[in-house]
J.: 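Dumping the structure here so I can ask a few things about it.
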Amino acid sequence: MAKDNLTAILYGINDIRLEQTPIEDPNDDEVLLEMGCVGICGSDVHYLVNGRIGDFIVKKPMIIGHESSGVVVKIGTNVKTLKVGDRVAIEPGVPCRMCHFCKIGRYNLCKDIVFLATPPVHGSLRRFYKHAADFCFKLPENVSLAEGAFLEPLSVGVHACKRANITIGSKVLILGAGPIGLVTLLVAKSMGASKVVITDLMQDRLDVAKQLGADAVLLMTKDGTDEENVRRVHDLFGEEPDKTVDASGAQSSIRLAILATRSGGTAVLVGMGAPEVQIPLINALIREVDIRGVFRYANCYQDALDLIASGKVNVKPLITHNFKIEETIKAFDTSKDVKSGAIKVMIHCK
Ligand code: NAD
Ligand code: ZN
């Protein structure tokens, strides 16, 4: 009898179906995993609702899911670092390992990176999935498979904080308290930031941020002027933040990231909204505010894992909902329903 490999396939807009797919055999450098957990990311929901993100368009049915973890059930002949039974977190982007960017360690910029659930590449929301062994991170016993799946968004926060050069004493402004803003808050604190202020349009997200250790929170409105926004941030800090991370993608936030940051400070942009936004670039020029982009992460998975394993960062309060793979459609409905209070929806594959 063929083994059960229930798989969540995105056929088109608002059309996810659960179907059986063949279990793939690992290549020499890969491992076959019995999947543990897959978290739902904003991008998964975006593909479900819009069928595309920018130039990435779902043209053919695509298996969804990329924030994932599993247990090794079979290893390729070249694999020395993992064995059957190991629990691992899966870093979802496998780069070419040959190009300039790969060689200098900035493999997130590799043009040939194969990233899960980014059309036309299939994702990992299935019972069995094979992956490059060197992009699997063995979990210590005190780290759960759900936390392993959470390393994906946590790594975005780690990369953002590294790009911002956050260190002991940093005064950090984070714009947007979605999953990415919240993990950035946790990482910034663990890196020694002495004050972290976070904003959002939604009070319930700010309440979570407060519970997670934000020093102050700021409820924004859509109609605030730049001047008002800057003044409110500075009043709350009692000074000017030296690092700002935008995790909202909203134009008003990106403008605020530049305008509110202390002269000589750094504004890091993580949020991806409209492809073109109007920003006060000359203000940044005159005050030498560095504007830095963030694209996913590179060499951050182990750091993210160490933060969880050592107890410096606790992501468990962010996992608000759990579903079985059979309940995938309900899980996505929960994730996209703003009234559900969902932060991270976790799907359990076993
Ligand atoms: P999310 O949509 O759950 O969170 C965004 C939050 O920003 C929401 O809580 C929203 O209420 C808030 N917001 C919107 N407008 C605001 C404003 N004007 N001021 C303050 N807050 C505002 O998304 P997420 O999963 O947390 O991701 C955050 C952003 O990061 C998204 O744009 C996502 O596409 C992007 N992202 C980028 C990368 C990358 O590699 N650069 C990786 C992951 C996610
Ligand atoms: Zn490369």
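Read the numbers this way: they start at 1 and go in the same order the structure lists the ligands and their atoms.
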J.: For the pair Arg127 (side chain) and Lys3 (backbone), establish whether a donor and an acceptor sit closer than 3.5 Å, ignoring hydrogens and angles.
T.: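 Not confirmed, Arg127 side chain does not pair with Lys3 backbone.
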
J.: Counting only nitrogen or oxygen atoms and a 3.5 angstrom limit, does Met202 reach ligand 1?
T.: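 It does not: no N or O of Met202 is found under 3.5 Å from an N or O of ligand 1.
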
J.: Which is closest to atom 24 (P) of ligand 1 in terms of heavy atoms, Ile180, Leu269, Thr199, Ile53?
T.: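 Result: the heavy atom closest to atom 24 (P) of ligand 1 is in Ile180.
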
J.: For Phe295, is at least one N or O under 3.5 Å away from an N or O on ligand 1?
T.: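 So ligand 1 has no N or O lying under 3.5 Å from an N or O of Phe295.
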
J.: With no hydrogens and no angle check, is any side-chain donor or acceptor of Gln211 less than 3.5 Å from a backbone partner on Val208?
T.: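 The answer is no, because no donor-acceptor pair under 3.5 Å joins these two groups.
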
J.: Apply the side-chain hydrogen bond (donor to acceptor under 3.5 Å, both in side chains) test between Asp215 and each candidate in Lys189, Lys195, Lys171; give the one that qualifies.
T.: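 Checked Lys189, Lys195, Lys171 against Asp215; only one passes side-chain hydrogen bond (donor to acceptor under 3.5 Å, both in side chains): Lys189.
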
J.: Hey, looking at atom 17 (C) of ligand 1, which of Ser253, Gly224, Ala342, Gly249 has the closest heavy atom?
T.: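 The option holding the nearest heavy atom is Ser253.
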
J.: When you measure from atom 13 (N) of ligand 1 to every protein heavy atom, which one gives the shortest distance, and what is it?
T.: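 For atom 13 (N) of ligand 1, the nearest protein heavy atom is Ser248 CB, 3.8 Å.
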
J.: To which of Ile174, Asp200, Leu201 does the heavy atom nearest atom 16 (C) of ligand 1 belong?
T.: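 That would be Leu201.
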
J.: Relative to ligand 1, is Arg205 under 4.0 angstrom through side chain, backbone, both or neither, heavy atoms considered?
T.: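 For Arg205, the contact with ligand 1 is made by the side chain alone.
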
J.: Measure from NZ or CZ of Arg97 to the centre of the six-membered ring of Tyr107 and say whether it is under 6.0 Å with the direction within 45° of the ring axis.
T.: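 No, cation not above the ring by the 6.0 Å, 45° rule.
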
J.: So is there a nitrogen or oxygen of Ala177 less than 3.5 Å from a nitrogen or oxygen in ligand 1?
T.: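 For ligand 1, there is no N or O atom that lies under 3.5 Å from one belonging to Ala177.
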
J.: Are the side chain of Ser310 and the backbone N or O of Asp306 linked by a donor-acceptor pair below 3.5 Å?
T.: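 Between the backbone of Asp306 and the side chain of Ser310 there is a qualifying donor-acceptor contact (under 3.5 Å).
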
J.: Could you confirm whether Cys110 has any N/O/S atom lying under 2.8 Å from the Zn ion (ligand 2)?
T.: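 Short answer: yes, at least one N, O or S atom is under the cut-off.
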
J.: Just jot down the ligand 1 atoms closer than 4.0 angstrom to any heavy atom of Ser252, in number order.
T.: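 Close to Ser252: 18 (N).
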
J.: Examine Tyr297 and Val143 and state if one hydrophobic cluster contains both, with Ile, Leu, Val, Met, Phe, Trp and Tyr joined whenever side-chain heavy atoms are less than 4.5 Å apart.
T.: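 Yes, one cluster joins them.
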
J.: When you measure from the heavy atoms of Pro179 to every atom of ligand 1, does any distance fall below 4.0 Å?
T.: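 Within the 4.0 Å threshold, so yes.
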
J.: Purely on distance, is any nitrogen or oxygen of Gly42 under 3.5 Å from one on ligand 1?
T.: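 N/O-N/O distance under 3.5 Å: no.
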
